[in-house]
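Order of the sequence lines sets the chain letters (A, B, ...), proteins ahead of strands, with each chain counted from 1.
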2 protein chains.
Amino acid sequence: MADSGGAGAGGGETLLFLTDEQLRKGIEAMFFAYRGFTADPDRILADYGYGRAHHRAIHFINRSPGTTVNNLLSLLGVTKQSLNRVLRTLVEDGLVDSRVGNRDKRERHLFLTAQGSELEQKLSDAQRARMRQAYRLAGPDAVVGFRRVLEAMMDPEMRSHFTTLKDQG
Amino acid sequence: MADSGGAGAGGGETLLFLTDEQLRKGIEAMFFAYRGFTADPDRILADYGYGRAHHRAIHFINRSPGTTVNNLLSLLGVTKQSLNRVLRTLVEDGLVDSRVGNRDKRERHLFLTAQGSELEQKLSDAQRARMRQAYRLAGPDAVVGFRRVLEAMMDPEMRSHFTTLKDQG
DNA sequence: GTTGGAATGTCAACAAGGCTGACATAAAGT
DNA sequence: ACTTTATGTCAGCCTTGTTGACATTCCAAC
């Protein structure tokens, strides 16, 4: 059914990249690449007895120190109960500092401790190394395209989170 | 530490795209984009009481009809026990047909039933629609770059799986 | 000032889907 | 025939997602 992108009827011959086959390859590329993307951090995390959920929390706390649980929630797109379990272990293990808010005592503001920063560095170094290698192999023009397609693939809400983080950066 | 990609020392000024900040943005882009990538199938799967694991199995069985459990295993990168649970429910529900091999009776060859193909279509249509939209917004050149970076990000073993599938396609 | 609703975060219990270990069956080598 | 190897299945554990119930804090109405 519906080979919607072909050069056959109507459109332009510039739409060859929208064939179902091309799209399928893109889908598989995402799948395999994401495996590579998470492989190195996963190995490090296993040494600590942590999982990807811990990595994500650590990443975004490092990115926005002092962020609240609620804010982290909307970034991660999980339930607060799920995030809470992860945060609790990180606080217990002394990687994250959770301070009650001054203005609003319902909120908890989250910071990495020195120990937390150390793990963040390890994870982030490994993941950046993979990314750097891929970027280097693909070249600067490819990187621009890569980022453009990824951004277009996000849900609008996630895209706005993404660009907000970008502006901070 | 280690702002390894800067234009500062040694290399060329064409390496600005390798700054730690750029790499971090790439990492976050992957994270947010992958969420979008899986969002539509996830909704459909939920109606059937299935999860992503079922989707992956269905996708690759459709891609290589008659493939064996062992072959699927190396594509998916999970344990056979894990895959088996998913396959069992798909066979029970009549979406997948599992036929004992002729040459080697230890092997099971996997096929989608009509019902399985129907679900595959739904999932794949939704995911391709998202991909098509992203490709269209980003443009053909961006798509080439996207694919190049993703391919460079894979583990070598996954990359060879990927290109093998490509050749079949 | 008290009270009721909304927001924030925590605790408990359950489900999906990873994992390892133990095992049955079939094929292949000795 | 007998051991070794490959393939697939069954059982049980762990992480991490989910919903439901609840405590605390804030704010607005009274």
Can you check the [X] [atom1] to [N] [atom2] distance for me, whole Å?
| X | N | atom1 | atom2 | result |
| --- | --- | --- | --- | --- |
| Leu72(A) | dA7(C) | CG | P | 20 Å |
| Asp42(A) | dC19(C) | CG | C1' | 13 Å |
| Leu73(B) | dG18(C) | CG | P | 11 Å |
| Leu87(A) | dT15(D) | CG | C1' | 15 Å |
| Asn84(A) | dA23(D) | CG | C1' | 13 Å |
| Leu83(A) | dT10(C) | CG | P | 9 Å |
| Arg52(B) | dT15(D) | CZ | P | 20 Å |
| Arg56(A) | dT16(D) | CZ | P | 8 Å |

Problem set entry | Any donor-acceptor pair under 3.5 Å from Thr163(A) side chain to Ser160(A) backbone |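 Looks like yes, one N/O pair under 3.5 Å.
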For this session: State whether the side chain of Gln127(A) and the backbone N or O of Phe37(A) hold a donor-acceptor pair below 3.5 Å, judged by distance alone.
Result: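 At least one qualifying donor-acceptor pair exists.
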Exercise. Under the side chain to side chain donor-acceptor pair (under 3.5 Å) rule, what pairs show up with a residue in residues 83-99 of chain A, not counting sequence neighbours?
Worked result: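 Passing the test, one end in residues 83-99 of chain A: Tyr50(A)-Asp93(A), His54(A)-Thr89(A), Asp97(A)-Arg99(A).
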Exercise. If you look only at pairs with a residue in residues 70-80 of chain A, which of them pass as a side chain to side chain donor-acceptor pair (under 3.5 Å), with sequence neighbours excluded?
Worked result: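 Qualifying pairs, neighbours excluded: Thr67(A)-Asn71(A).
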Exercise. Between Phe60(A) and Phe31(B), is the ring centre distance below 6.0 Å?
Worked result: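 Judged by ring-centre distance (under 6.0 Å), Phe60(A) and Phe31(B) do meet the cut-off.
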Is any side-chain N or O of [X] closer than 4.0 Å to OP1 or OP2 of [N]?
| X | N | value |
| --- | --- | --- |
| Ser82(B) | dG17(C) | no |
| Thr79(B) | dC19(C) | yes |
| Arg85(A) | dA13(C) | no |

Problem set entry | Lys25(A) NZ/CZ over Phe162(B) ring centroid, <6.0 Å and within 45° of normal |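 Judged by the rule, Lys25(A) and Phe162(B) form a cation-pi pair.
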Could you check which of [options] has an atom nearest any side-chain atom of [X]?
| X | options | value |
| --- | --- | --- |
| Asn70(B) | dT18(D), dT7(D), dC19(C) | dT7(D) |
| His54(A) | dG18(C), dG9(C), dT16(D) | dT16(D) |
| Ala53(A) | dT18(D), dG18(C), dT16(D) | dT16(D) |

Exercise. Hey, quick one: are Ile27(A) and Val149(A) part of the same hydrophobic cluster, counting side-chain heavy atoms closer than 4.5 Å, chains of contacts allowed?
Worked result: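 Same hydrophobic cluster.
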For this session: Specify the angle, to 10°, made by the local axes at the two ends of the helix from dG1(C)-dC30(D) to dT30(C)-dA1(D) when five pairs are taken at each end.
Result: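 Its terminal axes enclose an angle near 10°.
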For this session: Quick one: list whatever passes side-chain contact (heavy atoms from CB on, under 4.5 Å) with Arg130(A), sequence neighbours left out.
Result: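 Expected list: Ala39(A), Asp40(A), Arg43(A), Met153(B), Asp155(B).
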For this session: Not counting sequence neighbours, which residues clear ring pair (Phe, Tyr, Trp, His ring centres under 6.0 Å) with His109(B)? List them please.
Result: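 For His109(B) there are no ring pair (Phe, Tyr, Trp, His ring centres under 6.0 Å) partners, ignoring immediate neighbours.
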For this session: Classify the nucleic acid contact of Arg88(B) as base, sugar-phosphate or nothing, counting any heavy atom under 4.0 Å across all strands shown.
Result: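 The residue Arg88(B) makes sugar-phosphate contact but no base contact.
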Check nucleotides 22-27 of chain C for protein N or O atoms closer than 3.5 Å to its own N or O atoms and list the pairs.
unit_1	atom_1	unit_2	atom_2	d
dA27(C)	OP1	Lys105(B)	N	2.9

For this session: Tell me which of Val69(B) and Gly77(A) sits closer to the 5' end of DNA chain D, going by the nucleotide each one is nearest to.
Result: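 Upstream on the strand: Val69(B).
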For this session: Can you measure from CZ (Arg56(A)) to CG (Leu76(A)) and round to the nearest 0.5 angstrom?
Result: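 That separation rounds to 7.0 Å.
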